[in-house]
Protein chains: 2
Amino acid sequence: MAEPRNRCLSPQEISRRLERHGVQPTAQRIAICQYVLCEAEHPTADDIKQWADKNFPKMSRATVYNTVNTLIEAGLLREFRFPHDSKTVYDDNISDHYHFLDETTGEIIDIDGKDIEIKLRNEQRFIVKNAEVLLRGKLVKKKGV
Amino acid sequence: MAEPRNRCLSPQEISRRLERHGVQPTAQRIAICQYVLCEAEHPTADDIKQWADKNFPKMSRATVYNTVNTLIEAGLLREFRFPHDSKTVYDDNISDHYHFLDETTGEIIDIDGKDIEIKLRNEQRFIVKNAEVLLRGKLVKKKGV
DNA sequence: CCATATTTTTAGATTAAATCTAATTATAGA
DNA sequence: TCTATAATTAGATTTAATCTAAAAATATGG
Ligand SMILES: [Mn+2]
Ligand SMILES: [Mn+2]
Ligand SMILES: [Zn+2]
Ligand SMILES: [Zn+2]
């Protein structure tokens with residue numbers, strides 16, 4: 001059962017991390033990373049833009065898209081498109097993993113790759129390179145504190 | 001291993017089937033059904049429009065969308081949106097099933113619901129109502145004729 | 001530090017899938 | 001046949017994402 005990753009990063013740590021991945025650490029990029037790597041969970045481009053409008057002097061929509069695509073190329077971010085919504089979401093979880101959609105809240109929750117096993121029967125035709133899985137349903141409230 | 005369904009339907013059969021599902025069998029609807037229920041495999045709205053432009057005197061884009069959405073409401077069709085492409089595809093296979101994407105050709109192939117087993121481990125949090133699965137990889141050529 | 005090449009950011013235009021609008025046409029039923 | 005209802009239509013609109021090309025920021029190296 002995966003524990004949440006440590007998502008706390010200072011601007012300096014973000015800056016170093018960008019440089020290590022060959023990405024110039026501009027003010028806009030550091031700000032966006034603060035949000036997508038530290039605060040947000042599966043944000044859309046629009047989420048990022050709205051956050052930037054509150055927390056950054058001025059940022060254009062193009063910069064949001066430029067930046068997430070740069071981060072994806074650099075291997076710091078992944079993008080996912082799900083069947084239930086037309087907006088791409090961005091994910092700092094770059095490991096192999098799947099997703100669960102809580103249909104009552106719309107929340108998307110990561111499922112570790114190791115925690116799902118997909119068995120394909122009666123099929124000789126396919127060489128499967130990877131799988132994309134979205135489970136849908138209801139999230140159970142944990143009892144106790 | 002699922003055999004292909006019989007997809008051959010005369011205009012009369014289509015007409016009766018539409019009526020049974022409470023859909024007025026107009027010329028446009030019958031034509032679109034001819035294509036989506038009999039000829040095509042996971043066509044997009046654009047595929048349907050292009051087919052109509054060749055095989056029907058005149059049909060507007062709005063009618064293509066109106067019709068597929070009517071057919072979906074009537075339970076004769078399903079729609080799917082996949083992560084690798086922004087276009088919705090329409091599917092006459094209305095049973096529970098998953099999909100395989102041949103990454104070399106772009107072809108989408110049905111996988112019977114019974115032929116995939118999804119096991120979720122170490123997770124007490126989710127009540128899973130349904131799953132959407134896209135396997136990606138390469139299609140193996142069958143040897144022999 | 002300065003000059004200049006390179007990279008990044010930007011506002012606004014463009015694209016593409018899907019939906020909407022409101023006028024016209026077709027169909028159903030009395 | 002007459003009339004109400006339903007379906008179709010061309011074109012406008014919406015929305016997510018990309019593109020354009022000018023301006024601003026940054027890196028380089030003398
Ligand atoms: Mn995540
Ligand atoms: Mn199918
Ligand atoms: Zn995720
Ligand atoms: Zn299918």
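Naming: A, B, ... by sequence-line order, numbering from 1 per chain.
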> So does A/Ser60 get a side-chain nitrogen or oxygen closer than 4.0 Å to the phosphate oxygens (OP1/OP2) of C/dT9?
Replying inline: no
>> Looking at every non-hydrogen atom in both residues, tell me the closest pair between A/Arg81 and B/Asp85 and how far apart they are.
In response: NH1-O, 3.2 Å
>> Tell me whether the rings of A/Phe80 and A/Phe82 are parallel (<30°), tilted (30 to 60°) or perpendicular (>60°).
In response: parallel
> Are a donor atom and an acceptor atom from the side chains of A/Asn66 and A/Thr63 found within less than 3.5 Å of each other?
Replying inline: no
>> What is the distance, to the nearest angstrom, from the CG atom on B/Asp53 to the P atom on D/dT9?
In response: 11 Å
> Per the atom types in the model, does the base of C/dT19 pair as donor or acceptor with the side chain of B/Arg61 at under 3.5 Å?
Replying inline: yes
Provide a list of protein-nucleic acid N or O atom pairs under 3.5 angstrom, restricted to nucleotides 20-24 of chain D.
none

> How many Å lie between CD1 on B/Ile48 and P on D/dT8, as a whole number?
Replying inline: 14 Å
>> Show the nearest heavy-atom pair for residues B/Arg17 and B/His21, with the distance to one decimal.
In response: O-ND1, 2.9 Å
>> Ignoring hydrogens, what is the shortest heavy-atom contact between B/Pro25 and B/Leu18? Give both atom names and the distance.
In response: CA-CD1, 3.9 Å
> B/Gln28 has a side chain; which of C/dA17, D/dT8, C/dT8 sits nearest to it?
Replying inline: D/dT8
>> Among residues 74-87 of chain B, which ones have heavy-atom contacts with DNA chain C below 4.0 Å?
In response: B/Ser86, B/Lys87
> Looking at C/dT9, C/dA18, D/dA10, which one has an atom nearest to any side-chain atom of B/Thr88?
Replying inline: C/dA18
> Tell me: CZ of B/Phe56 to C1' of D/dT9, nearest whole Å?
Replying inline: 12 Å
>> To check you understand the geometry: which heavy-atom pair defines the closest contact between A/Ile118 and A/Tyr98, and what is its length?
In response: CD1-OH, 4.2 Å
> Would A/Glu39 and A/Trp51 satisfy side chain to side chain contact (heavy atoms under 4.5 Å, CB included), going step by step from the backbone distance to the final call?
Replying inline: CA-CA 10 Å; A/Glu39 286 184 39; A/Trp51 178 91; 3.3 Å; yes
Atom pairs, N/O to N/O, protein against nucleotides 24-30 of chain C, distance under 3.5 Å?
none

>> For C/dA11 and A/Lys58 - does any side-chain N or O of the residue sit under 4.0 Å from the phosphate oxygens OP1/OP2?
In response: yes
>> If we count only N and O atoms by modelled type, under 3.5 Å, do the side chains of B/His42 and B/Asn93 hold a donor and an acceptor together?
In response: no
> Do NZ/NE/NH1/NH2 and the carboxylate oxygens of B/Asp112 and B/Lys114 come within less than 4.0 Å?
Replying inline: yes
>> Measure NZ/B/Lys49 against C1'/C/dT19 and give the value in whole Å, please.
In response: 16 Å
> Over how many whole Å does the gap from B/Asn69 atom CG to C/dA18 atom P extend?
Replying inline: 10 Å
>> At less than 4.0 Å, is any side-chain N or O atom of A/Tyr65 found next to OP1 or OP2 of D/dT18? Yes or no.
In response: no
>> Just the rounded figure in Å: distance from P of C/dT7 to CG of A/Leu18.
In response: 17 Å
>> Tell me the closest heavy-atom pair linking A/Val64 and A/Ala45, and the distance in Å.
In response: CG1-O, 3.8 Å
> About how many Å separate CD1 of B/Ile109 and CG of B/Leu135, when rounded to the nearest 0.5 Å?
Replying inline: 10.5 Å
